[in-house]
Amino acid sequence: MSSKFQRSNRAGWVMAGPAAVLIAGFVILPFFFAIALSFTNQRLISPNPTEFVGLANYRQLLGMAVLTVDPVTDDAGQVVMKDGAPEYPSLRSLTRNNPDYPHLQGMREWSSFDWGQSRVYILARDVVFLTAIVNTFIFVIIVAPVQAGLALGLALLINQRMRGINIFRAFYFMPVVVSIVVVSLLWRFIYDGDSGLLNNLLGAISFGAIPPVDWLGNPSTALGAIIAMSIWQAVGFHMVIWLSGLQTISPTLYEAGAIEGASKWQTFRYITWPGLRNTAVLVLIVITMQAFALFAQIDVMTNGGPLDSTQTIVFQAIERGYGKQDISGGSAISVILFVIVLSISLIQRWLTRERT
Amino acid sequence: MAAISADNHGLRLAVRYAVLILIAIIFVFPLVFMLMSSLKPDQQLLQDTASLRAFLPVGDISLANYSAAFDRAPVTLFIFNSVVVTGITVVLSLLVCSMAAFAFVFIGWRGREFLLTVILATLIVPFETIAIPLLLIASKLPSIGLDGLSTGWLNSYHVQIVPFIADGLTVFLFVQYFKDLPSELIEAARVEGASWPQIYRRIVMPLAGPVLATAAILKFLAMYNQYLWPLMVVQEEGYRPVMVGLQYFFQQNVAWGEVMAYLSMITVPVLAFYLYLQRAFIASIASTGVKG
Amino acid sequence: MTQMKWLAGAALAAAAWSGAAQAQTTLTMWYHGAGNEVEAKIVDQIIADFNASQTDWKVEMQSFPQAAYNDSVVAGALAGNLPDILDVDGPVMPNWAWSGYMQPLQIDEAAIANFLPGPKGYWNGQLYSIGLWDAAVALVTRQSYLDELGLRTPTLDQPWTKDEFMAALEAAKASGKFEYAFDPGMAWTGEWYPYAFSPFLQSFGGDIVDRTTYKTAEGVLNGDAAIAFGEWWQGLFANGYAQAAQDPADRDSGFAAGKYAFSWNGNWAAMNTLSQFPDTVFLPAPDFGNGPKIGAASWQFGVSASSQHPEGASAFIQFALQDKYLAAFSNGIGLIPPTATAAAMTDNYKEGGPMAVFYDLTKAQALVRPVTPGYVVQAKVFEKALADIANGADVAATLDAAVDEINADIEKNGGYGH
């Protein structure tokens, strides 16, 4: 292994130099710019001077609080009951213009539960952003394994010698070559609540037993619909990456396996899978990165709705930075995303490290 | 005995093809829908979405949407612009990023680990989040044109190309692939006195067919689908790419037939590029053979 | 290869052209109408006429697709690359003027004395932009529907009250003839929401922001009137009068297909509807308590702050204000001419014309959207709030959140110069 790294500072810098300079100038420098912006009140459009505001943007995005509320009592100290349950003062009366709770001004309910007689509210300064974080994680956690697994299955399926296999390979890849914007536009027709193809198909299969669903208009199905479409769109791409990994495995290994009388599973487990190690790292990391950057589908199909069920981190970054001209807030979201993904990829790298 | 196994073989083959075809249908149906819709008048197009007719060239079929699309927007110009920008970027990107990956994997040099980590970290930065700072930078860069030295890269091809030549993902693709190449080949070449550029050109790159194809198609797609950046830096129609052109078709009353026609037309170059790559890709695997 | 030749040829031709026209100073202009052939033709005609009418200036236009236009202008401004003349959506103008993208027009006030108020863009007491047309929204239905449902035809003097309007929706729903009684246009996300729906809120007595100070939305967007509006709005969807998640294709063609009894739609779509149903009628907005209201102001022309030749740019804009061009736009795309004299020259808006009602509607009911640089953000916040309420979110909590976001934005911008 060490012989691989014969030293040559000059050759190394000369060959890596162009890429390093370009990335430094067109990615790293602007990103540092964005980090700096996130500590200011910079607006996209404004005649006002830029001011340093410290962590204010981050506090606004991530600020949370817990509030325990006791039930309303009447003059006699008895808990007031309403519809068989204790009545609580409305949250609105506590978080709005209430001099007793200045630190809660403008906070909203993120979730709540009952604790004995009291009700515990978890409040957030920016409920939408927290929802976006959760949605993004749901998306990544489902898409990364499912897409990687399906893609590997397809790659194994397509990596056999059969007449016409190239045609199938091209077909499976086709959704990838179509822009995600285009794909999202097409799938809007498929997911349509009244006359959509999916509803008609389900209706036909079940002889009308499955009622039509407004896939994108229903908060409980919208994110799932986008997940399914995203997997469908990109699985062909990862199939090709797996394929190029499969091609690097020497045929002699398979021949040796065949001579030993290895079963299909054994062949996969002991020859194919170890040979795909670097590919697996690549596929997983690429999918994770792409999944965290989820934006175009949302922008075309749902705009984050209905009821924030499809808000995502990058969509929020853009919605704020451009749509609401809050470039410092948008930059802060980008920095938060960067920190999240960096931590995850460090964990991924640690988990997939070469144990030598 | 022989007859039974032949039968068995035939059945298994039939099942295999059936599975392959079923999967193919799942992947292709929206595109068939797009193509067929591009041939239909709006009214019929929307009615057909409710049935299997959506996938069939039935009813009032014509190329009217295509000619209407050409009347509405300079479609050829947009495709030409996108192909120029995308083609040049892909070629330069493959060169620059594979060289860098070569240096990272095979050569030992001061700063190597650090630089690779930093470049990989840039993978995480979504482009949208650095677009505004990048715009401010691009608008200050000097350029030399027919009219001498000027500042600002707006309204040109190079402003759409240069920032995207090097990217972390392409470097990463090459790095992961190069790690799998047999290091004995490189060592042997060093022993024989080959220079680093010679090893890069004569030994590593001829073996890099599959990753070149993968990196090329990925870069092609990313570039061809550019929207936000050209929107910000191109104000002249003459340099506008296809995705910005798509917006020409979203007027108050969307002419869906024209949209489908335009989508079909802009998808053709990408499909052609992939099919071309696939042939080159298979050829390269067949010719190198020795691996692992 | 031929493409290359063609490009080279075009470049040469352009070079030769600019050489020949050396005497005139070039004024650049950006316009949002790319992809709209009819509009492009009229604008091209105005430019050609202007360039031929005098020897000082020569206007050259770049057009952009509307969906990409505002972002292009902002990017152009950030990069220090704005044209001399640009067009701007009326409610966005204060934002660009305040930011220093635009400068006041040098136009004789007398030239626009007879204009409707909507197309005149004032900020800080100065005229920054002027429109060649206005747009209006009406409650679109068919006379035959009204007759079948036994409904009174509302007039400008006697619009429907809230109860009458809801009774009309109920009648349409009960008839079973329609998929939905009412089509507010939910599929048109974006500026349509504040443009088309905030007048309902204003008719209830609320508003997006407090127009006396423009410094807060507290009390107007979450006060009693606003909450009453929110409950009413939510009821439209909860009670099945309208559909919260509308298919864009239904918005474009649903009324023509007979899916809706009433459609809340703009005059730009009116020509299509009329050709489909000759008995289409355009009813004034219902009065929800504080008078019937509709939105005003559409796209307008202005001069960029960086223009070296504001007098030339203003000259062009003033040239474009001639009645014949105003009438041409109206005839071409169905927009409302801003002067009575131009209206008289059009097919649709002349006395007794099929769309003359829109001219009267605009005159009687139109209210501009809040004239503040903060409007751009406020519009987005309002849009989200309305979408959420339509989808069943708690009305008071949603409006409170909207107020907080608007107020935080105003504070972050130092009050937007008010």
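What's counted below: heavy atoms across the whole structure, side chains too, no hydrogens, waters or symmetry copies.
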Item checked: Any donor-acceptor pair under 3.5 Å from A/Y322 side chain to B/E128 backbone -> yes
Margin query: Quick check: closest heavy atoms across B/L115 and A/A20, and the distance to 0.1 Å?
Written below: CD2-CB, 3.8 Å
Check: Closest approach of B/L31 and A/P175, non-hydrogen atoms and distance?
Finding: CD1-N, 4.4 Å
Item checked: Contact origin within B/L221 toward chain A - heavy atom pairs under 4.5 Å -> side chain
Next item on the list: Calculate, to the nearest 0.5 Å, the distance between atoms CZ and OG belonging to B/R190 and A/S8 respectively.
Entry: 6.5 Å
Notebook entry, point to check: Checking A/I333 against chain B: side chain, backbone, both or neither under 4.5 Å from a heavy atom?
Noted result: neither
Checklist line | Side-chain heavy-atom pair B/L20, A/Y172 within 4.5 angstrom cut-off | finding: yes
Checklist line | Side-chain heavy atoms of B/M34 within contact of A/L185, under 4.5 Å | finding: no
Notebook entry, point to check: Can you tell me how far CG of A/L29 sits from CD1 of B/I137, rounded to the nearest 0.5 angstrom?
Noted result: 4.0 Å
Next item on the list: Mind checking the OH-CE spacing from B/Y200 to A/M15? Nearest 0.5 Å is all I need.
Entry: 6.0 Å
Notebook entry, point to check: Side chain, backbone, both or neither: which part of B/A131 has a heavy atom under 4.5 Å from chain A?
Noted result: both
Next item on the list: Check each atom of A/I340 against the heavy atoms of chain B and say whether the ones under 4.5 Å are side chain, backbone, both or neither.
Entry: neither
Check: Counting heavy-atom pairs under 4.5 Å to chain B, which of A/L201, A/T288, A/I28, A/N200 comes out on top?
Finding: A/N200
Checklist line | Residues that B/I26 engages under side-chain contact (heavy atoms from CB on, under 4.5 Å), provided they are two or more places apart | finding: A/W232
Next item on the list: Could you check which of B/S195, B/P126, B/P133, B/A101 has the highest count of heavy-atom pairs closer than 4.5 Å to chain A?
Entry: B/P133
Notebook entry, point to check: Side chain, backbone, both or neither: which part of B/L134 has an atom under 4.5 Å from a heavy atom of chain A?
Noted result: both
Notebook entry, point to check: Parallel under 30°, tilted from 30 to 60°, perpendicular over 60°: which one fits the rings of B/W256 and A/F189?
Noted result: perpendicular
Item checked: Flag if over 12 foreign heavy atoms under 6.0 Å of OH, B/Y17 -> yes
Check: In terms of the angle between their ring planes, are A/W13 and B/W109 parallel, tilted or perpendicular, with boundaries placed at 30° and 60°?
Finding: perpendicular
Item checked: Minimal non-hydrogen separation, B/P30 against A/L186, with atom names -> O-CD1, 3.7 Å
Next item on the list: Side chain from CB out, backbone as N, CA, C, O: work out which of these in B/V162 comes under 4.5 Å of a heavy atom of chain A, or both, or neither.
Entry: both
Notebook entry, point to check: If every non-hydrogen atom of A/V178 is compared with every non-hydrogen atom of B/T267, which pair is closest and at what distance?
Noted result: CG2-CG2, 3.8 Å
Checklist line | Interface moiety of A/S345 toward chain B, non-hydrogen atoms closer than 4.5 Å | finding: side chain
Check: Taking atom CZ of B/F172 and atom CD1 of A/I285, what is their separation to the nearest 0.5 Å?
Finding: 4.0 Å
Item checked: Min side-chain heavy-atom separation B/I107-A/R10 under 4.5 Å -> no
Item checked: Contact class of A/L282 relative to chain B, heavy atoms under 4.5 angstrom -> both
Check: Based on non-hydrogen pairs under 4.5 Å, which of B/I119, B/T122, B/I132 is most in contact with chain A?
Finding: B/I132
Notebook entry, point to check: Heavy-atom distance under 4.5 Å between the side chains of A/M289 and B/L169, does that happen here?
Noted result: no
Notebook entry, point to check: What are the two closest heavy atoms between B/G168 and A/I23, and how far apart are they?
Noted result: N-CD1, 4.0 Å
Item checked: Side chain / backbone / both / neither for B/L173 at chain A, heavy atoms under 4.5 Å -> both
Note to self: Within the 4.5 Å heavy-atom criterion, are B/Q176 and A/T279 side-chain neighbours or not?
What the structure shows: no
Check: Where on B/L228 is there a heavy atom nearer than 4.5 Å to chain A: the side chain, the backbone, both, or neither?
Finding: side chain
Notebook entry, point to check: Do A/V181 and B/L246 come close enough that some side-chain heavy atom pair is under 4.5 Å?
Noted result: yes
Notebook entry, point to check: Quick one: what part of A/R163 sits under 4.5 Å from any heavy atom of chain B, side chain, backbone, both or neither?
Noted result: both
Item checked: Which atoms of A/I318 approach chain B - backbone, side chain, both or neither, heavy atom under 4.5 Å -> side chain
Notebook entry, point to check: Got A/F26 and B/D167 here, is their nearest side-chain heavy-atom distance under 4.5 Å?
Noted result: no
Note to self: Taking side chain as everything from C-beta outward and backbone as N, CA, C, O, which of these in A/V314 sits under 4.5 Å from a heavy atom of chain B? Side chain, backbone, both or neither.
What the structure shows: side chain
Check: Which answer fits B/L123, side chain, backbone, both or neither, if we ask what part of it has an atom under 4.5 Å from a heavy atom of chain A?
Finding: both
Next item on the list: Among B/T49, B/V28, B/I25, B/V19, single out the residue with the greatest number of heavy-atom pairs under 4.5 Å to chain A.
Entry: B/T49
Item checked: Contacting moiety of B/Y224, where chain A heavy atoms sit under 4.5 Å -> neither
Notebook entry, point to check: What part of B/L275 is in contact with chain A, defined as an atom under 4.5 angstrom from a non-hydrogen atom: side chain, backbone, both or neither?
Noted result: side chain
Note to self: I'd like to verify something: which residue of A/F173, A/F295, A/F33, A/F292 has the highest number of heavy-atom pairs under 4.5 Å with chain B?
What the structure shows: A/F173
Item checked: Under 4.5 Å from a heavy atom of chain A, the part of B/S51 involved -> backbone
Check: A/L44 versus chain B, heavy atoms under 4.5 Å apart: side chain, backbone, both or neither?
Finding: side chain
Check: Considering all heavy atoms of both residues, which atom of A/L337 and which atom of B/I124 are nearest to each other, and what is their separation?
Finding: O-CG2, 4.4 Å
Note to self: So for A/I165, is it side chain, backbone, both, or neither that comes closer than 4.5 Å to the heavy atoms of chain B?
What the structure shows: side chain
Notebook entry, point to check: Considering only heavy atoms, which portion of A/V21 lies under 4.5 Å from any heavy atom of chain B: side chain, backbone, both, or neither?
Noted result: neither
Checklist line | Largest heavy-atom contact set with chain B, pairs under 4.5 Å, which of A/A24, A/A16, A/G321, A/P30 | finding: A/P30
Notebook entry, point to check: So what's closer than 4.5 Å to chain A heavy atoms on B/L116: side chain, backbone, both or neither?
Noted result: neither
Margin query: Is it the case that the ring center of B/F27 lies less than 6.0 angstrom away from the ring center of A/F171?
Written below: no
Next item on the list: Any chance you could measure B/I165, atom CD1, to A/L22, atom CG, to the nearest 0.5 Å?
Entry: 5.5 Å
Margin query: Please classify the contact of B/Y262 with chain A as side chain, backbone, both or neither, using a heavy-atom distance under 4.5 Å.
Written below: neither
Note to self: So A/V27 and B/I130, do their side chains get closer than 4.5 Å, heavy atoms only?
What the structure shows: yes
Item checked: B/L263, part contacting chain A, at a heavy-atom distance under 4.5 Å -> side chain
Next item on the list: Can you measure from OG1 (B/T129) to CG (A/L37) and round to the nearest 0.5 angstrom?
Entry: 11.0 Å
Checklist line | Per-residue contact mode, A/F237 against chain B (heavy atom under 4.5 angstrom) | finding: side chain
Checklist line | Which portion of A/V286 sits near chain B, non-hydrogen atoms under 4.5 angstrom | finding: side chain
Next item on the list: Answer with side chain, backbone, both or neither: which region of B/L141 has an atom nearer than 4.5 Å to a non-hydrogen atom of chain A?
Entry: side chain
Item checked: Proximity breakdown for A/I158 and chain B, heavy-atom pairs closer than 4.5 Å -> side chain
Notebook entry, point to check: Is it true that atom CG of B/L95 has more than 12 heavy atoms of other residues, nucleotides or ligands lying nearer than 6.0 Å?
Noted result: yes
Notebook entry, point to check: So which part of A/F168 gets closer than 4.5 Å to some heavy atom of chain B, the side chain, the backbone, both or neither?
Noted result: side chain
